[in-house]
Peer 1: 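The structure's right below; bear with me while I get my questions together.
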Amino acid sequence: MKTPRKTYEQTSPYSTPWTGSERVRTLLWEWCWAIFCSWTPKPLNGWRLMWMTLFGAKISGTPFVHQRARITHPWNLTMHDRACLGDRANAYALGPIELREGCTIAQEAYLCTGTHDFSSPALPLQTAPIVVGENTFVGLRAIILPGVTVGKKAVVGAGSVVHKNVADGQKVAGNPARALP
C-alpha cells in the first residue's frame, strides 16, 4: 500500500512552506542541540532525550540518540524503548518518523521524509512518513526515502537506497534496494 503524501503549496520555487514561527522554532532547536547536546559524551543520553522532549519529540522508554545525530524537526520524531539513532545518522523529519522498539539506525544513515512534486513547475514540498519496525537494523549510510515502512526484524544493508516498503524479516541491499535470498 502506497503511503499518501502531504503536499505544501508554494507560490514559486523560492517560497517556503513553513510559517515564520516554524522557522524560528527550527532555528532555536538547531542552536539548542549545538550548544547543549552535540558535545555531550554518550552517557549523557538522558540529557539529549530531555532536550528532544522539550522540543516535542515523542519518547517512550529509553531510546539512544548519539550526540552527533542530526534531527531537523524533533516534534515529528517518535522513538520507542531501545531504538537507536547512531553516530551522524540524519533524521530529516519534515514529516513523521517513527523508530519502533529495538531498531538501530546505524552511522550516517539518512531517513528523509521530504521530496518535491516534480510534475509541478513550483516544485512544492511533499512529505510522507517513515516507520522503522521493531528490532530492525538499518545499515551504514543507507537511505530510507519518504513513505517507506521497514518491517520488524528486517535488515537494510549498508549503502542501500530504500524506496519501497520492506516486509517483516526481509533483508534488502543495493541501489535501489532489492530483496536478498
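Side chains are part of it too, since the values below use all heavy atoms of this structure and drop only hydrogens, waters and symmetry mates. Position 1 is the first residue of the sequence; numbering continues from there.
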Peer 1: Tell me the closest heavy-atom pair linking G139 and A106, and the distance in Å.
Peer 2: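 Between these two residues, the closest heavy atoms are C-CB, 3.7 Å.
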Peer 1: With a 4.5 Å heavy-atom cut-off, do V132 and I105 have their side chains touching?
Peer 2: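 With C-beta onward as the side chain, the pair touches.
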Peer 1: Rounded at 0.5 Å granularity, tell me how far CE in M79 sits from SG in C103.
Peer 2: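 So the CE of M79 and the SG of C103 are separated by 7.0 Å.
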Peer 1: Could you check whether any side-chain heavy atom of P41 comes within less than 4.5 Å of a side-chain heavy atom of L44, counting everything from C-beta outward?
Peer 2: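 P41 vs L44: side chains touch.
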Peer 1: Does anything in residues 40-50 pair up under side chain to side chain donor-acceptor pair (under 3.5 Å), and if so which pairs, sequence neighbours excluded?
Peer 2: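 Only T40-R48 qualify under side chain to side chain donor-acceptor pair (under 3.5 Å).
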Peer 1: From S60 OG over to D81 CG, what is the distance, rounded to the nearest 0.5 angstrom?
Peer 2: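 Going from OG on S60 over to CG on D81, the span is 6.5 Å.
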Peer 1: Hey, any chance I35 and V24 share a hydrophobic cluster, counting ILVMFWY side chains that come within less than 4.5 Å of each other, even indirectly?
Peer 2: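 No, because I35 and V24 fall into different hydrophobic clusters, even though each may have its own neighbours under 4.5 Å.
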Peer 1: Less than 4.5 Å apart, any side-chain heavy atom of I130 and any of T149?
Peer 2: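 No - every pair of side-chain heavy atoms lies 4.5 Å or more apart.
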Peer 1: Rounded to the nearest 0.5 Å, what's the gap from OG on S120 to CD on Q126? Could you check?
Peer 2: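 Result: 9.0 Å between the selected atoms.
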Peer 1: Do P129 and I97 come within less than 4.5 Å of each other through their side chains, counting heavy atoms only?
Peer 2: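 No, side chains not in contact.
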Peer 1: Which heavy atom of T115 sits nearest a heavy atom of L125, and at what distance?
Peer 2: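 What the structure gives for the nearest pair is O-CD1, 3.3 Å.
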Peer 1: So which heavy atom on L94 is nearest to which on N76, and how close?
Peer 2: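 Looking at all heavy atoms of both residues, the closest pair is O-ND2, 3.2 Å.
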Peer 1: Can you find a heavy atom in the side chain of F55 that is under 4.5 Å from one in the side chain of I71?
Peer 2: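 No, every pair of side-chain atoms sits at 4.5 Å or beyond.
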Peer 1: For the pair V172 and L180, evaluate side-chain contact (heavy atoms from CB on, under 4.5 Å) and give the outcome as yes or no after the intermediate values.
Peer 2: CA-CA 5 Å; V172 298; L180 298 175; 5.8 Å; no
Peer 1: Determine the sole option in V156, L145, I144 for which the side-chain contact (heavy atoms from CB on, under 4.5 Å) test with V161 is passed.
Peer 2: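 Answer to the side-chain contact (heavy atoms from CB on, under 4.5 Å) test with V161 among V156, L145, I144: L145.
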Peer 1: Please say whether more than 12 non-hydrogen atoms of neighbouring residues, nucleotides or ligands are located less than 6.0 Å from NZ in K152.
Peer 2: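 Atom NZ in K152 is not crowded, with 12 or fewer foreign heavy atoms closer than 6.0 Å.
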Peer 1: Please determine, by modelled atom types, if E134 and H80 share a side-chain donor-acceptor pair under 3.5 angstrom.
Peer 2: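 Not at all, the side chains of E134 and H80 share no donor-acceptor pair under 3.5 Å.
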Peer 1: So which heavy atom on A109 is nearest to which on V138, and how close?
Peer 2: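 Nearest heavy atoms, A109 then V138: CB-CG1, 4.2 Å.
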Peer 1: For the OG1 atom of T78 and the NZ atom of K58, what is their distance to the nearest 0.5 Å?
Peer 2: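 Rounded to the nearest 0.5 Å, the OG1-NZ separation comes to 4.5 Å.
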Peer 1: Does T136 use its side chain to pair, donor to acceptor, with the backbone of K153 at less than 3.5 Å?
Peer 2: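 Yes; judged by distance alone, with no hydrogens or angles, the pair exists.
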Peer 1: Step by step, would you call H66 with L85 a side-chain contact (heavy atoms from CB on, under 4.5 Å)?
Peer 2: CA-CA 6 Å; H66 197 282; L85 197 55; over 6 Å; no
Peer 1: Taking the side chain as every heavy atom from C-beta outward, state whether N90 and L111 have any pair of such atoms under 4.5 Å apart.
Peer 2: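 Sidechains of L111 and N90: no contact.
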Peer 1: Of all heavy-atom pairs between A179 and Q170, which one has the smallest distance, and what is that distance?
Peer 2: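 Looks like CB-NE2, 3.3 Å.
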Peer 1: Output, in order, the C-alpha distance, side-chain angles, deciding distance and verdict of side-chain contact (heavy atoms from CB on, under 4.5 Å) for E108 and R88.
Peer 2: CA-CA 5 Å; E108 299 180 14; R88 293 188 179 91; 3.7 Å; yes
Peer 1: Taking the side chain as every heavy atom from C-beta outward, state whether V131 and R100 have any pair of such atoms under 4.5 Å apart.
Peer 2: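 Heavy-atom side-chain distance check passes, below 4.5 Å.
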Peer 1: Hydrophobic clusters here meaning ILVMFWY residues chained together by side-chain heavy-atom distances under 4.5 Å, can you tell me if I59 and L99 are in one?
Peer 2: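 In one cluster with I59: L99, yes.
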Peer 1: Checking side-chain contact (heavy atoms from CB on, under 4.5 Å) for the pair N135/E101: CA distance, chi angles, key distance, verdict?
Peer 2: CA-CA 6 Å; N135 302 307; E101 186 173 325; 5.7 Å; no
Peer 1: Nearest 0.5 Å, what's the OG-CH2 distance between S38 and W33?
Peer 2: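 The OG atom of S38 sits 8.0 Å away from the CH2 atom of W33.
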Peer 1: Going by the rule ring-ring contact (aromatic ring centres under 6.0 Å, His included), which residues pair with F36 if we only count those two or more places apart in sequence or in a different chain?
Peer 2: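 F36: ring-ring contact (aromatic ring centres under 6.0 Å, His included) contacts with W51.
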Peer 1: Between the main-chain N or O of G174 and the side-chain N or O of S160, is there a donor-acceptor pair closer than 3.5 Å?
Peer 2: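 Flag set: sc S160 to bb G174 pair under 3.5 Å.
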Peer 1: Tell me whether T113 contacts the main-chain N or O of G95 through its side chain, where contact means a donor paired with an acceptor under 3.5 Å.
Peer 2: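 Yes: the side chain of T113 pairs with the backbone of G95.
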Peer 1: Can you give me the closest heavy-atom contact between T19 and E22, atom names plus distance?
Peer 2: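 T19 and E22 have their closest heavy atoms at N-OE1, 2.8 Å.
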Peer 1: May I ask you to test the K171-V166 pair for a side-chain heavy-atom distance under 4.5 Å?
Peer 2: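 No. Closest side-chain heavy atoms not under 4.5 Å.
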Peer 1: For H73, what residues pass the ring-ring contact (aromatic ring centres under 6.0 Å, His included) criterion, not counting sequence neighbours?
Peer 2: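 Applying ring-ring contact (aromatic ring centres under 6.0 Å, His included) to H73 gives W18, W75.
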Peer 1: Give me the one residue out of R68, R70, R141 that meets salt bridge (Lys or Arg N to Asp or Glu O under 4.0 Å) with D87.
Peer 2: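 Only one option passes, and that is R68.
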